[in-house]
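Chain letters run A, B, ... following the sequence lines, proteins first and then strands; every chain starts at 1. None of these values were measured; they are calculated from a predicted model.
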Amino acid sequence: MSEKEMPKAYEADQYEDDIYAAWEKSGFFNPDNLPGERKESFTIVLPPPNVTGVLHMGHAAMLAIEDIMIRFERMRGKKALWLPGTDHAAIATQTKVEKLLIKDGMEDPRTTLGRENFLEKVEEFASNSHDVIVSQAKKMGASLDWSREAYTLDKDRNNAVNAVFKMMYDDGLIYRGHRVINWCPRCKSTLADDELEHKEGNAKLYTFKYDSDFPISISTTRPETKYGDTAVAVHPDDDRYKEYVGKEIKVNFLGQDLNIQVVADKAVDMDFGTGALGVTPAHSHTDADMARVHGLKSVHVISEDGLMINVESVVGMTVKEARKYAVSKLSEKGLIEHEEDIVHNLSVCYRCEETIEPLPMLQWFIDVNKKFSFKGEDDSIKGIKANQEVTLKLLMQHVVRTDQINIIPGQFEKTYFHWIDNLRDWNISRQIWFGHRVPVWYHDKVSVTKKGEENLVDQCKEMIVSSDEPKCEFCDAKFFQDPDTLDTWFSSGIWTFSTLGWPNQTDDLKTFHPTNVLETGYDILFPWVARMILMTTYVLGTVPFKETYLHGLVRDEKGRKMSKSLGNAINPLEMIKKYGADATRLSLVIGVTAGNDSKLSESKIGGYRNFTNKLWNISRYVFSSVDSIEIVESVNPVTLSDKWVLSRLAEVSKKVELHLEKHEFSQAGEKLREFTWAEFADWYLEISKIQKNENTDKILLYTLESILSQWHPFMPFVTEQVYKQFGLPNMMLINKWPEVNGSKTNTEAETDFKIIQNLISSIRNIRAEYNVEHKKEVSVLIKTSNKQRTIIENEKSIVMSLAKVSNIEFVDESPKGAFSSTVISGVEVYVSLEGLIDIQKEKNRLQKEIDLTEKYISGLEKKLSNKEFLNKAPKNIVDKLTSQKEDAELKISTLKSQLLSF
RNA sequence: GGGCGCUUGGCUCAGUUGGUUAGAGCGUCUCGUUUACACCGAGAAGGUCGGGGGUUCGAAUCCCUCAGCGCCCACCA
């Protein structure tokens with residue numbers, strides 16, 4: 001396409017798909033194919049999107065940010081790998097499919113279909129969802145290495161999961177135990193502590209006695225659980241109950257015999273209710289903790305179906321029915337002393353919002369406090385020696401505290417430590433079907449002895465940890481596998497290395513691990529980031545990544561969460577179609593800072609579409625104005641504006657690179673936009689129309705190529721499309737990141753050019769204020785020093801053209817008459833306005849300027865007359881203020897004499 | 001209950017280690033179709049940086065306090 005074929009407006013959707021296809025075909029998303037010697041690697045693993053549905057703006061933001069980092073480093077000559085994948089998201093996906101099947105009329109999908117058929121349905125859904133996600137990521141322009149794509153539930157990842165499970169089991173870190181866990185009665189599964197959400201709800205707080213002969217009244221919102229009480233706890237300092245502490249009291253609670261121990265525990269709040277708490281070890285985490293401390297028995301009264309068990313009078317009732325029943329019986333007996341409406345926090349399932357029921361169950365756990373010997377080498381984590389005794393908690397804290405993992409923004413480190421301090425053993429088994437099956441096999445009791453006639457059955461192993469079905473060496477009985485699956489975060493926790501081939505010691509693992517940056521939302525710092533740190537420091541004895549960059553949530557323009565139910569979600573695909581992927585990316589990156597939520601509106605995206613078009617048109621102009629389109633390697637500035645634009649370019653490029661290195665994408669983008677639009681386009685391009693020499697073409701091409709390259713990570717499509725105009729075989733994708741040419745920095749040129757800019761602006765200002773017709777040229781008189789006179793004389797043609805001036809005359813005396821005047825940078829400017837001048841207006845204008853300057857001077861005087869300031873402030877500050885004051889004084893005397901001339 | 005954060009022109013936000021007269025985009029107003037761009041250009045208006053106090057020669061920036069908002073964690077039953 002020649003420049004003549006570049007249409008007036010950039011229509012993104014005409015180019016984007018072709019460009020992406022060309023990138024893919026080039027193979028350069030795969031770091032193995034990148035040209036040149038690349039010693040340093042740069043790796044990001046994509047936080048795998050859940051295969052529960054389509055991508056939303058949050059994913060789009062993630063893809064934009066990570067693609068910027070990857071493209072930047074790829075252009076800087078690194079072996080850049082961005083590894084894609086998807087997450088099976090066990091509970092989330094299973095729940096979603098179940099709901100869909102129920103919606104289609106299947107009452108109980110799991111029972112109807114059975115494990116295998118049900119899983120087939122889930123896999124089908126997951127696979128469709130996966131395809132949609134991949135195509136959306138491509139629409140965003142994500143330069144992911146699809147040849148290395150992984151899935152948290154594929155064969156390779158399953159091997160890795162089983163291997164990690166076995167390692168941890170052998171180290172005693174994974175254990176099976178009866179614990180009170182979080183049970184979701186709808187999902188029919190346990191949940192980890194951080195998979196709960198807390199919702200405020202109304203409840204009735206009942207105060208009553210178990211029976212009239214029981215000495216202590218207790219308060220509860222759940223009377224139905226009291227059938228399982230084995231103790232009453234009071235605060236040790238509570239005088240009211242001191243006499244009962246240590247006693248065991250038999251009581252009949254609505255027909256159920258209870259053995260109640262009275263215990264003292266500091267966890268009890270003396271001021272809440274009666275200050276006495278009925279302890280139900282089986283159905284409350286707090287109570288279970290207390291039971292452990294005081295050695296209390298646990299009585300199980302609620303089943304996994306949410307039905308009452310083990311209590312004759314209420315057996316088979318739902319929890320709610322039992323509560324109603326117990327309350328009515330209590331009030332019949334006149335035992336209720338008080339009823340109160342309270343607001344309390346309910347734990348609900350994060351996936352289906354069902355109220356969580358704490359239940360005792362036999363489950364698998366990871367012990368976060370158990371000691372084991374460190375698996376890495378000396379200092380593979382700094383400060384830890386090979387085989388040193390450590391705990392998972394210790395490693396998790398150590399790597400962040402010692403900055404071997406840097407969390408951005410820093411304030412999240414505090415939250416991270418706080419979370420780890422309160423971390424309990426991690427329940428990793430789930431009673432759902434979709435996921436990695438727990439790799440544990442149990443012995444079927446029926447057996448026929450082997451090894452001749454000897455009876456060796458008692459030597460059979462009860463349980464074997466293995467990924468494949470084991471065979472017993474002593475009998476013919478079969479093993480059956482644990483029906484449970486693993487928490488989805490178990491497999492995502494090993495994501496940085498399972499994707500690189502572990503447990504095999506692959507080249508990829510050596511080259512790309514530890515990864516460089518883990519970029520994700522702050523909302524999964526705990527469930528995911530923390531667990532990756534746990535898993536990787538344990539398994540490999542290294543960190544999984546060196547930095548964690550946390551982005552915020554993308555909200556709607558009113559700051560609300562985007563959601564289907566609110567109908568306020570902006571669809572990324574629609575926006576890409578309408579405004580282009582580049583504009584969509586910019587809207588998610590500029591004006592956004594790490595860790596903070598951002599507000600997005602369609603008009604914001606529209607605004608960045610305008611910018612894409614601006615860049616397109618800048619290029620279009622450059623290509624149409626130069627004699628031949630070519631890459632320019634080096635430039636020699638001739639004119640003042642040449643020197644200025646190259647100096648600015650060098651300055652801005654330096655800042656852009658620095659910001660990108662620090663992951664300050666917004667800052668980098670803003671600096672670049674400022675230069676592109678307000679300096680290169682508004683000034684240099686305009687000047688190039690009037691002042692052209694043999695160098696101008698070169699400088700235009702050089703600057704354009706530089707800013708296109710710097711924009712490429714942000715706006716890959718439009719920059720790639722424009723780059724085609726250079727007619728080169730290579731792509732912008734692997735173009736070299738522009739080197740900052742410090743020798744082009746020229747402060748003098750910048751200062752001098754500023755005078756020209758100010759001069760032009762001030763003349764334009766006067767013209768606008770007096771409504772001088774656009775086509776009408778004005779004449780200008782200038783009184784100034786010789787040095788500045790030379791500068792202006794040299795750039796006379798620019799001033800005349802850009803400010804619509806017919807002639808510039810230099811004078812030694814301030815003229816009188818029909819002039820509007822002003823003073824900038826020591827230059828007195830008089831614009832001839834014969835017939836238009838309004839003396840009063842002019843006087844007001846000058847007076848206003850004088851007032852402003854006087855105020856400014858008095859502020860400076862106050863500082864400069866302060867001895868403390870002169871003594872303590874650094875000399876350069878004092879000097880600066882002094883010279884500023886001198887300038888301002890000069891200005892004010894000029895303004896005053898201009899005022900007097902009327 | 002504990003912890004973290006936010007409050008800067010009408011709106012969305014920048015503001016690095018305290019040091020020019022606090023910046024940008026959008027919006028608003030005035031003017032303008034000059035062959036890169038009306039998805040544009042020129043010009044302008046608009047903020048005592050939430051309130052109060054302190055530290056300092058100097059505070060949007062550091063400290064205290066109050067107010068409003070938001071988030072996270074938690075076993076007040």
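- A:K692 NZ: more than 12 foreign heavy atoms inside a 6.0 Å radius.
- Between B:A45 and B:A38, the two P atoms lie 28 Å apart (nearest whole Å).
- Atoms CZ (A:F611) and C1' (B:C26) sit 15 Å apart, rounded to a whole Å.
- The C1' atoms of B:U17 and B:U21 are separated by 23 Å, rounded to the nearest whole Å.
- The listed nucleotides are B:A42, B:C76, B:C40; the one nearest the side chain of A:D682 is B:A42.
- Other residues, nucleotides and ligands contribute over 12 non-hydrogen atoms within 6.0 Å of the NZ atom of A:K689.
- Atoms CZ (A:R673) and P (B:C39) sit 18 Å apart, rounded to a whole Å.
- Comparing the same atom, P, in B:G46 and in B:C29 gives a spacing of 16 Å after rounding to whole Å.
- At least one donor-acceptor pair closer than 3.5 Å links the side chain of A:S688 to the backbone N or O of A:L685.
- No donor-acceptor contact under 3.5 Å links the side chain of A:K8 to the base of B:C37.
- You'll find the ring centres of A:F717 and A:Y15 outside the 6.0 Å limit.
- Residue A:G273 is out of contact with every strand shown, counting any heavy-atom pair closer than 4.0 Å.
- Residue A:K655 places none of its side-chain N or O atoms closer than 4.0 Å to OP1 or OP2 of B:U16.
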Discussion item. Please encode protein proximity along nucleotides 1-8 of chain B as a string of B, S and -, counting only heavy-atom distances under 4.0 Å.
Written reply: ---S----

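- In the interface, the side chain of A:K689 is paired with the base of B:A36 through a donor and an acceptor atom under 3.5 Å apart.
- Distances shown here put a side-chain N or O of A:T593 below 4.0 Å from the OP1 or OP2 atom of B:A14.
- Interface remark: the A:R620 side chain does not form any donor-acceptor pair with the B:C37 base, using a distance-only criterion of under 3.5 Å.
- For A:I618 and B:C40, the CD1 to P distance is 11 Å, given to the nearest whole Å.
- Within the 4.0 Å cut-off from OP1 or OP2 of B:G43, at least one side-chain nitrogen or oxygen of A:R764 is found.
- Among the heavy atoms of the strands, none lies under 4.0 Å from A:E854.
- A distance of about 8 Å separates the C1' atoms of B:A60 and B:G15, rounded to the whole Å.
- Listed for the A:S666 side chain is a donor-acceptor partner under 3.5 Å among the backbone atoms of A:G591.
- Contact check, A:K599 against B:C13: a side-chain N or O comes under 4.0 Å of OP1 or OP2.
- Heavy atoms from other residues, nucleotides or ligands lying under 6.0 Å from NZ of A:K577 number 12 at most.
- In this entry the distance linking CD1 of A:I590 with P of B:A14 reads 13 Å, nearest Å.
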Response to the item:
Given Watson-Crick and G-U pairs under 3.5 Å, RNA chain B in dot-bracket ([ ] crossing, | other strand) is (((((((..((((.....[...)))).(((((.......))))).....(((((..]....))))))))))))....

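- Considering A:E769, A:R845, A:K841 as possible partners of A:S820, the one that fulfils the side-chain hydrogen bond (donor to acceptor under 3.5 Å, both in side chains) test is A:R845.
- In summary, the aromatic rings of A:W616 and A:F611 are positioned with their centroids too far apart to meet the 6.0 Å limit.
- Atom name P, nucleotides B:U16 and B:G5: the rounded distance is 16 Å, in whole Å.
- Here A:I218 lies out of heavy-atom contact (under 4.0 Å) with every strand.
- A:S219 comes within contact range of at least one nucleobase, with a heavy-atom separation under 4.0 Å.
- Computed from coordinates, the A:N765 CG to B:G43 P distance equals 8 Å when rounded to whole Å.
- Less than 6.0 angstrom separates the ring centroid of A:Y227 from the ring centroid of A:F253.
- Checking B:U21, B:C40, B:C39 against every side-chain atom of A:Y856, the shortest atom distance belongs to B:U21.
- A ring-centre distance under 6.0 Å is not found for A:F665 and A:F714.
- No donor-acceptor pair closer than 3.5 Å links the side chain of A:K804 to the backbone N or O of A:H774.
- When the P atom is compared between B:C62 and B:G18, the two are found 8 Å apart, to the nearest whole Å.
- For the C1' atoms, the distance from B:C49 to B:C6 is 14 Å, rounded to whole Å.
- Taking atom CZ of residue A:R222 and atom C1' of nucleotide B:C75, one finds them 14 Å apart after rounding to whole Å.
- Between the side chain of A:N866 and the backbone N or O of A:E868 there is at least one donor-acceptor pair closer than 3.5 Å.
- Nearest-nucleotide mapping onto RNA chain B: of A:E664 and A:K848, the residue sitting toward the 5' end is A:E664.
- Distance A:E773 CD to B:C31 P: 13 Å, rounded to the nearest Å.
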Item to complete: Starting at the 5' end of nucleotides 55-65 of chain B, put B wherever the base has a protein heavy atom under 4.0 Å, S where only the sugar-phosphate does, and a dash everywhere else.
Response: --B--------

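- Counting non-hydrogen atoms under 4.0 angstrom, A:A288 reaches nothing in the nucleic acid.
- For B:A36, its base sits under 3.5 Å from the side chain of A:E686 at one donor and acceptor pair at least.
- Under 3.5 Å, the side chains of A:N182 and A:H285 contain a donor-acceptor pair of N or O atoms.
- Panel note: side chain A:N617, backbone A:N613; a donor-acceptor pair is recorded below 3.5 Å.
- A:R620 places a side-chain N or O within 3.5 Å of a backbone atom of A:M6 that can act as its donor or acceptor partner.
- A:T280 comes within contact range of no nucleotide atom at all, as no heavy-atom separation falls under 4.0 Å.
- Side-chain proximity of A:F526 to the nucleotides B:C73, B:A77, B:C31 is greatest for B:C73.
- For A:W677 and B:G41, the shortest distance from a side-chain N or O to OP1 or OP2 is below 4.0 Å.
- Note: NZ (A:K558) to P (B:C11) measures 15 Å, nearest angstrom.
- Taking atom C1' on both B:G25 and B:G68, the two are 27 Å apart, rounded to the nearest angstrom.
- Nearest-nucleotide assignment on RNA chain B puts the 5′-proximal partner with A:E674, out of A:V268 and A:E674.
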